[in-house]
Enquirer: 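Quick one: the structure is below, and I'll ask about it shortly.
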2 protein chains.
Amino acid sequence: MSRLSQTWNQHVVKKENKALVLKTIQERAPISRATIANVTGLNKGTVSSLVSELIDEKLIHESGTGKSSGGRRPVMLLLNETAGFTISVDLGVKSILGVLTDLRGNILSEKKIRFSQEDFDEVLALLYQLIDGLKNDAPESEYGIVGIGIGVPGVVTTEGEILLAPNLGWKKVPLQKILFDHYNVPVTVENEANAGAYGEKVYGVGQMSSELIYTSISIGIGVGLILEGKLYKGLRGFSGELGHMTIEKDGADCRCGNQGCWELYASEQALLDQAEEAGFKDTTVDHLIEAADQGDAKAIQLLENVGDYLGVGITNIIHIFNPEQVVVGNTLRQAEKYIMPAIEKRIEKNAIGFNKNDVQLNVAKLKNHSTVMGMAAFNIEKFFTETGNEPIMH
Amino acid sequence: MSRLSQTWNQHVVKKENKALVLKTIQERAPISRATIANVTGLNKGTVSSLVSELIDEKLIHESGTGKSSGGRRPVMLLLNETAGFTISVDLGVKSILGVLTDLRGNILSEKKIRFSQEDFDEVLALLYQLIDGLKNDAPESEYGIVGIGIGVPGVVTTEGEILLAPNLGWKKVPLQKILFDHYNVPVTVENEANAGAYGEKVYGVGQMSSELIYTSISIGIGVGLILEGKLYKGLRGFSGELGHMTIEKDGADCRCGNQGCWELYASEQALLDQAEEAGFKDTTVDHLIEAADQGDAKAIQLLENVGDYLGVGITNIIHIFNPEQVVVGNTLRQAEKYIMPAIEKRIEKNAIGFNKNDVQLNVAKLKNHSTVMGMAAFNIEKFFTETGNEPIMH
DNA sequence: TAAGTTTGTCTAGCGAATAAACAAAGATTA
DNA sequence: TAATCTTTGTTTATTCGCTAGACAAACTTA
């Protein structure tokens, strides 16, 4: 007979409490054992014993004494952020951005490779090159590279297979397996918007929110859902296809098969198409922003129009989820000066009061690093929650 | 200093394991101690001791022996479903439907009161009358009435206050507090669609699904979200306002302040308005179905048209959530013969393959009882997970 | 200098789960 | 029919993690 669900025994208790202590140190370092006991509600003795195990495992370390508050001075504890490193990558349509981070998410090295050929094998070669470069930049450490994470612009299963990446022309690429077989360390492959959402939640503008919707506005629109503090992926990992939410019932046909999809009106592609029609030849988002900055009324109007359409979809999001925060990220975020007021105006006009009052609208704080930092957060979290991490031998 | 999160000690372990044993009996009764141990992974001795406590608390009882499978015959355990009862109510726009259920959700008594006056005090008097009637029908039991639950067509906070019930004309009614002060038993007030979703999940068509979206199609449209097996309520309880999702960007104004809302095209109200225009005077959904059954092409077309618009919104739902199941419930469900094929056709044509292949479209199995049964499920779950239930004294 | 405070460790004890022995009750087989 | 094997459920001894409280160390305050 198969096991129904988790049973609770003392081993689970210890594992959970140890994770709680580690998380507390992550979030509040420098912190003393006594404060951890107060904050978590655990007994002082328990904290002492768990802390000493974490020190043995090199995940944390002591760092001198803190200030006395009328008695013995506390011994402050710090996360041993250089016990291991992550390689976190945003695999985009025209470039690959990769970072080497420590276990606090500090970036130690950053590399970017541009490409034009989208053939998978060629891109994979570039990806290996980038990862190898970052790996070389990693200092000696107890645990070495603890995880590799790749954010991709496409539909990714919960098993890390890219089913479809339309703007790369890829289908059915088992990237997680390919990279794991090559590097033999834990590999996470995740949709770019999902990663961006988590990045903003952990390191960006959403650190205080547990209900956060991240909209990745680029050539298309992807959406990452943080619900109850966790990424929501749906049955098989395909949630968040809000770019293909109909906002115009008998609207234009979308290549996805649907009609009147949001991204036909509110994406970078939509903006560029409209600009073309308005007489801008072979333009880019940067050019349009530049023109707008110089007072070009046509450019301003184009940007505001896209913002208005973004507002329509975001109003839907607010009604659907009752979120705490909606974050606008990816390339079109660069036009925030023009699109954000337009979005706000639309929300102000159209959203239902109860839901509207709860929600904050923000621009991605991590800018073009939302996705890489999200992958870093996935890597780090996986490492810390994995049971029985043993230091590697050198 | 405030406590950050739950700490794990042996008391928690015991509570969780006891709940696990009880849940296993709920789901698989009649079941023996040995089978529980196998299914849950708990030790035989642990199960024996927890079971004996549950028997002492009168929550379960033994019921003779089962069939031998080559050794000693097992003692079968049953849930003591008559240890207590719930009163569960669907407070609608024109009527109140209430049921008395046992702890397995069996209906022992059912009452319905129709009303036309929507004045709160008058409706409250009727509600008291209905609840008192059901209470009188409850047999003597260990725990008596363990909970009262009310599903209402409106916006409900997590604290059980009705902020707005547009079709009743109510604002800011603290119904949970009012009923608790009156009856002094646990009271749950929840949005009608949220309750319907949970009802279908626990007792209806969704028993096998953990990602289920329930659409309540009545005068307006409400949506209940079951994500990862649990009801998702958003930051303050206002999620699921998909009736006010824009599907026509510059569509008609909705009284909610938004434009082109889904429920302007796909609700009972929309159907009746369109029927009026098409020449049906003062008609009802029942009349239209009857006409359609007799081959009235106009009526058939009206129903199919609403179904098509429902399909547009449900396609959005499929793209947003990647659910396992979408359930169509409430009054318009009665026209399933005409609307379901139209919905399916629209999904078939417009939904993205990956998401489409995962999803099942179903009609609410509990018919007009989805909401009451959802409230019953809430009541029962609350009772079973509450710590230290003590039998009441008679 | 003495008394009070805070930090962190140590020890004894508790309670819940587990493994293993055991008893009870039936099936199977010679 | 008797002997053996199976399955169920209880009992017992053991383990392990947490807790309370004692204690020592280190510091502040009067």
Side-chain angles (χ1 to χ4, degrees), chain A residues 1 3 5-22 24-25 28 30-56 60-78 387, chain B residues 1 3 5-22 24-25 28 30-56 60-78 387:
Chain A
M1 250 179 251
R3 199 154 288 198
S5 53
Q6 175 142 44
T7 72
W8 298 90
N9 58 34
Q10 51 197 346
H11 301 104
V12 178
V13 167
K14 179 166 181 183
K15 204 182 117 196
E16 294 285 340
N17 283 337
K18 199 163 161 184
L20 178 61
V21 168
L22 184 58
T24 306
I25 295 170
R28 306 193 172 210
I31 188 173
S32 69
R33 290 167 176 80
T35 310
I36 294 173
N38 268 322
V39 167
T40 60
L42 290 166
N43 183 278
K44 286 193 299 174
T46 308
V47 171
S48 260
S49 121
L50 294 174
V51 160
S52 103
E53 286 187 29
L54 289 169
I55 289 176
D56 287 348
I60 62 174
H61 57 80
E62 300 185 331
S63 86
T65 53
K67 240 185 86 179
S68 162
S69 62
R72 173 171 164 181
R73 278 155 53 187
V75 178
M76 303 315 263
L77 300 166
L78 292 179
T387 51
Chain B
M1 248 179 253
R3 198 155 287 198
S5 52
Q6 177 142 40
T7 72
W8 299 91
N9 57 36
Q10 51 196 346
H11 301 104
V12 178
V13 167
K14 180 166 181 184
K15 205 183 116 195
E16 295 285 340
N17 283 338
K18 199 163 159 183
L20 178 61
V21 168
L22 184 57
T24 306
I25 295 170
R28 308 193 172 210
I31 188 174
S32 70
R33 290 167 176 80
T35 310
I36 294 174
N38 268 321
V39 167
T40 60
L42 289 166
N43 183 278
K44 286 194 299 173
T46 307
V47 171
S48 260
S49 123
L50 293 174
V51 159
S52 103
E53 285 187 30
L54 288 169
I55 289 175
D56 286 348
I60 62 174
H61 57 80
E62 300 185 330
S63 86
T65 52
K67 239 185 90 181
S68 161
S69 61
R72 173 172 163 181
R73 276 154 56 187
V75 178
M76 302 316 262
L77 300 167
L78 291 179
T387 51

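Chain letters run A, B, ... following the sequence lines, proteins first and then strands; every chain starts at 1. Every value quoted in this text rests on a predicted model; they were computed, and no experiment measured them. Computation of the quantities below employed the complete heavy-atom set of this structure, encompassing side-chain atoms and omitting hydrogens, waters and symmetry-equivalent molecules.
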Enquirer: Taking B:V12's backbone N and O only, do any of them form a donor-acceptor pair with B:N9's side chain (distance below 3.5 Å, no angle check)?
Expert: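 At least one qualifying donor-acceptor pair exists.
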Enquirer: Grab the CD1-C1' distance between B:I55 and D:dG9 for me, whole Å please.
Expert: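 Going from CD1 in B:I55 over to C1' in D:dG9 covers 12 Å.
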Enquirer: With rounding to the nearest 0.5 angstrom, report the OG1 to CG distance, A:T24 to A:L42.
Expert: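 Going from OG1 on A:T24 over to CG on A:L42, the span is 8.0 Å.
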Enquirer: Find which nucleotide of DNA chain D each of A:K14 and B:M76 is nearest to by heavy atoms, and output the residue with the more 5' nucleotide.
Expert: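 Comparing both residues, the 5'-ward one is B:M76.
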Enquirer: Please identify which of these residues, B:V47, B:V21, B:L50, B:N38, meets the side chain to side chain contact (heavy atoms under 4.5 Å, CB included) condition with B:R33.
Expert: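 That would be B:V47; it is the only one of B:V47, B:V21, B:L50, B:N38 passing the side chain to side chain contact (heavy atoms under 4.5 Å, CB included) with B:R33.
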Enquirer: Hey, is the side chain of B:N17 poking within less than 4.0 Å of OP1 or OP2 on C:dA17, counting only N and O atoms?
Expert: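 So the side chain of B:N17 is within the cut-off, an N or O lying under 4.0 Å from OP1 or OP2 of C:dA17.
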Enquirer: Quick one, B:M76 and B:P74 - any side-chain contact, counting heavy atoms below 4.5 Å?
Expert: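 B:M76 reaches B:P74 side chain to side chain.
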Enquirer: Please figure out whether A:S32 or A:G71 has its closest DNA chain C nucleotide nearer the 5' end.
Expert: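 Nearest nucleotide further toward 5': that of A:G71.
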Enquirer: Considering every strand and a 4.0 Å limit on heavy-atom distances, what is the contact class for A:K44: base, sugar-phosphate, or nothing?
Expert: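 It contacts base atoms.
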Enquirer: Do A:I60 and A:L22 make a side-chain contact, defined as non-hydrogen atoms from C-beta onward lying under 4.5 Å apart?
Expert: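 They are in side-chain contact.
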Enquirer: Rounded to the nearest angstrom, tell me the gap between atom CG in B:L77 and atom P in D:dG9.
Expert: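 Interatomic distance, CG of B:L77 to P of D:dG9: 7 Å.
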Enquirer: Taking only N and O in the side chain of B:R33, is any of them less than 4.0 Å away from OP1 or OP2 of D:dT10?
Expert: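 So the side chain of B:R33 is within the cut-off, an N or O lying under 4.0 Å from OP1 or OP2 of D:dT10.
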Enquirer: Grab the CD-C1' distance between B:E16 and C:dA16 for me, whole Å please.
Expert: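 Computing the B:E16:CD to C:dA16:C1' distance gives 14 Å.
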Enquirer: Could you tell me whether the side chain of A:S49 and the main chain of A:G45 form a donor-acceptor pair under 3.5 Å?
Expert: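 No, because the side chain of A:S49 does not come within donor-acceptor range (under 3.5 Å) of the backbone of A:G45.
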Enquirer: Heavy atom of residues 45-54 of chain B under 4.0 Å from DNA chain D: which residues?
Expert: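 The stretch gives B:G45, B:S48 as the residues lying under 4.0 Å from the strand, ordered by number.
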Enquirer: Between C:dT7, D:dC18, D:dT28, spot the one nearest the side chain of B:N9, thanks.
Expert: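 Looking only at side-chain atoms, B:N9 lies closest to D:dC18.
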Enquirer: Determine whether B:L77 and B:H61 make a side-chain contact, defined as any pair of heavy atoms from C-beta on separated by less than 4.5 Å.
Expert: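 B:L77 does not reach B:H61 side chain to side chain.
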Enquirer: Starting at atom NE2 of A:H11, determine the distance to atom C1' of D:dT15, rounded to an integer number of angstrom.
Expert: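 After rounding, the gap between these two atoms is 8 Å.
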Enquirer: Give a yes or no on whether a donor-acceptor pair under 3.5 Å exists between the nucleobase atoms of D:dT8, that is its base, and the side chain of B:R72.
Expert: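 Answer yes: a donor N or O sits under 3.5 Å from an acceptor.
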Enquirer: Rounded to the Å, how far apart are A:Q10 CD and D:dG17 P?
Expert: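 Result: 6 Å.
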Enquirer: Take atom CD1 of A:I36 and atom P of C:dT6, then tell me their distance rounded to the nearest Å.
Expert: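 Rounding to the nearest Å, CD1 of A:I36 and P of C:dT6 are 18 Å apart.
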Enquirer: Answer with yes or no whether A:N43 presents, from its side chain, a donor or acceptor under 3.5 Å of a partner atom in the base of D:dA20.
Expert: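 Such a pair exists between side chain and base.
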Enquirer: To the nearest Å, give me how far apart CD (A:E62) and C1' (C:dT7) are.
Expert: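 That distance rounds to 12 Å.
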Enquirer: What is the distance from CZ of B:R73 to P of C:dA24, rounded to the nearest Å?
Expert: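 So the two atoms are 17 Å apart, to the nearest Å.
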